[in-house]
There are 2 protein chains.
Amino acid sequence: MRWEDIDQQVCSVARTLAVVGDRWTLLILRDAFLGTHRFEDFRRQLGVSRHRLTERLNKLVDTGVLERVLYQQRPPRYEYRLTAKGLDLHGVVLMLGDWGNRWCSDESGAPVEYRHRTCGQLVRPMLSCSECGEPMAPTTVSPEVGPGLQQALACGVGMFAELGEGVELHEKLPPLLYKSLTRKPEAS
Amino acid sequence: MRWEDIDQQVCSVARTLAVVGDRWTLLILRDAFLGTHRFEDFRRQLGVSRHRLTERLNKLVDTGVLERVLYQQRPPRYEYRLTAKGLDLHGVVLMLGDWGNRWCSDESGAPVEYRHRTCGQLVRPMLSCSECGEPMAPTTVSPEVGPGLQQALACGVGMFAELGEGVELHEKLPPLLYKSLTRKPEAS
DNA sequence: ATTGTCGGTTTCAAAATGGAACTTATAAAT
DNA sequence: ATTTATAAGTTCCATTTTGAAACCGACAAT
C-alpha cells in the first residue's frame with residue numbers, strides 16, 4: 001500500500017495524517033503557530049528545499065489548513081496564514097511539543113514554554129474530558145466503533161479498507177474496537 | 001537539510017517528530033493503542049511492506065517507545081508493547097483523531113468515538129491548563145523561550161541550529177518567540 | 001543599467017519506499 | 001518421514017520521493 005492511499009482507511013488518525021503527515025508539514029505548522037508566514041522565512045528556518053516547501057504549502061492550501069493572503073502589490077506577494085481548520089491543529093502541535101519537552105529535553109530543560117494568559121502561569125497542556133472535565137488518562141479511555149465505522153461495516157469494509165470485503169469481522173477492526181462491539185452489541 | 005537532521009533543532013516538536021514523524025509510525029502507534037501488538041497484525045492492518053515495518057518497529061524500540069515482549073518460545077516470538085514513554089503519546093494520537101473526526105468525517109460521522117470510563121460518557125478530548133484547569137485555546141497561549149533555548153542562545157545558536165551562529169538574534173527565533181524575549185527581557 | 005529580493009520552477013543525482021521473492025525455526029497435518 | 005503452514009523477518013530491485021543547486025520573472029532600489 002502506498003502512503004498516499006492511507007486516507008482510504010476509515011480512521012480519523014489516518015485521515016489527519018493524510019493531510020499533515022508528510023515530512024516537514026507539521027514543522028511548517030509549528031512555525032506558523034509561532035508567527036512565521038512567508039515562504040522565504042519558512043525555508044530559511046526549516047532548511048527545507050524550495051521545491052518541497054512549495055509542494056507542502058500548496059497541499060496545505062488545497063486542504064484548507066492554510067490560506068494565501070496578499071501582503072504586497074507589485075509584485076503581488078502572498079503569505080500563508082492558518083485558517084480556522086489550521087488553528088484547530090493547535091492541540092496537536094502543543095501535544096507534540098509537550099511530549100518532546102518531557103522525553104527529549106537535555107539537561108538544559110525545555111526549549112519552549114507556554115504561558116497561559118488566562119491565569120498568567122507557565123503551564124503544561126493536559127487532556128481533559130469534554131463532559132466531566134476530569135483528566136483523560138490512557139487507562140480511562142475506551143475507543144468504540146462510531147457511526148462512520150458502523151456504516152463502513154454495514155457496507156462490508158472495516159477500518160482497513162485496503163483489505164477489501166473478503167475477511168472476517170475481527171480482521172476488519174483492531175482488537176479493542178472488536179471487543180467493544182461484542183461487549184456492547186448494538187443497543188439500537 | 002535532510003529530514004534525518006531535524007532533531008538538531010532546539011525544538012520539542014521537531015525532536016518528537018524525529019522519533020515518530022516518519023511515514024507509518026504514528027499509524028503503528030494508533031494500532032498499538034487499539035490493541036494490536038504483533039508484526040503480522042500491524043502489517044496486514046496497515047498494508048505497509050515488511051521491510052518498512054521492520055525498520056519502523058526497530059526505531060520505535062531503539063527510541064524506547066515500544067518494547068519487545070516474548071509471547072512464545074519455540075520459535076521465540078516477540079510482540080511490541082507500548083512503554084511508559086509510548087503510552088505518553090496517547091494525547092498526541094487522541095488529538096490527531098479528534099481533528100480528523102471534526103474536519104475529515106463524511107456524512108456518516110466519526111469512525112471512532114471515545115468513552116471516558118471516569119464519567120461513562122462519549123466524550124471529546126479537550127486541552128486544559130495544568131495550573132488553572134481552564135481551556136487552552138490558541139489565543140490564550142503564548143510561547144516563551146524556555147531554559148533549553150536560553151542556553152542555546154547563550155551558545156550562539158537558536159532554534160534553527162542549522163543556520164549556524166552568524167545570524168542576527170531575530171533570525172534565530174520565530175517571530176513570536178523573539179517578541180516574547182524583547183517584551184520580557186530576562187527578569188533574572 | 002545593474003543589483004537585489006521574493007517566490008517560485010526545473011533539473012538531476014541520491015535516498016526512501018513498495019512489492020515480491022526468499023529464509024529460518026518450528027508446529028501441525030498427512 | 002514428508003509436506004504444509006505460520007510468524008517474523010531479510011534481500012533485491014524498480015519506482016517514487018527527496019534535496020541541492022541552478023535558473024526565472026516581477027519588480028524595487030541604487
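In what follows, every chain begins at residue 1, and chains take the letters A, B, ... in the order their sequences are listed.
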Counting only side-chain N and O atoms of [X], is one of them less than 4.0 Å from OP1 or OP2 of [N]?
X     : N      : result
A:Y80 : C:dC6  : no
B:R74 : C:dA27 : yes
B:W24 : C:dG18 : yes

How do A:H51 and B:G47 order along DNA chain C: which one's closest nucleotide is nearer the 5' end?
-> A:H51

Nearest-nucleotide wise, let me know which of A:W3 and A:D41 is further upstream toward the 5' end of DNA chain C.
-> A:D41

Do B:Q9 and A:R30 have side-chain N/O donor and acceptor atoms under 3.5 Å apart?
-> yes

Between B:T118 and B:H116: side-chain donor-acceptor atoms closer than 3.5 Å | yes

Classify the nucleic acid contact of A:R43 as base, sugar-phosphate or nothing, counting any heavy atom under 4.0 Å across all strands shown.
-> nothing

Plane angle bin for A:W3 and B:W24 - parallel if under 30°, tilted between 30 and 60°, otherwise perpendicular = perpendicular

Mapping A:P75 and A:V48 onto DNA chain D by nearest heavy atom, which one lands closer to the 5' end?
-> A:V48

Mark yes or no: B:R38 above the aromatic ring of B:Y71, with NZ or CZ under 6.0 Å from the six-membered ring centre and no more than 45 degrees from the axis.
-> yes

Would you check if B:P125 and B:M95 make a side-chain contact, meaning some heavy-atom pair closer than 4.5 Å?
-> yes

Would you mind reporting whether A:L176 and B:T36 have side-chain heavy atoms less than 4.5 Å apart?
-> no

Starting from [atom2] on [N], measure out to [atom1] on [X] and report it in whole angstrom.
X     : N      : atom1 : atom2 : result
B:R77 : C:dA27 : CZ    : C1'   : 10 Å
B:Y71 : C:dA27 : OH    : P     : 13 Å
A:R23 : D:dT18 : CZ    : P     : 6 Å

Those residues of residues 52-63 of chain A lying under 4.0 Å from DNA chain C by at least one heavy atom | A:T54

Out of curiosity, does A:M126 fall in the hydrophobic cluster containing B:L127 (side-chain heavy atoms, cut-off under 4.5 Å, transitive links)?
-> no

Winner on side-chain proximity to B:F39, out of D:dG9, D:dA20, D:dG25, is D:dG9

Testing D:dG19, D:dA22, D:dA8 for proximity to the side chain of A:R50, the answer is D:dA22

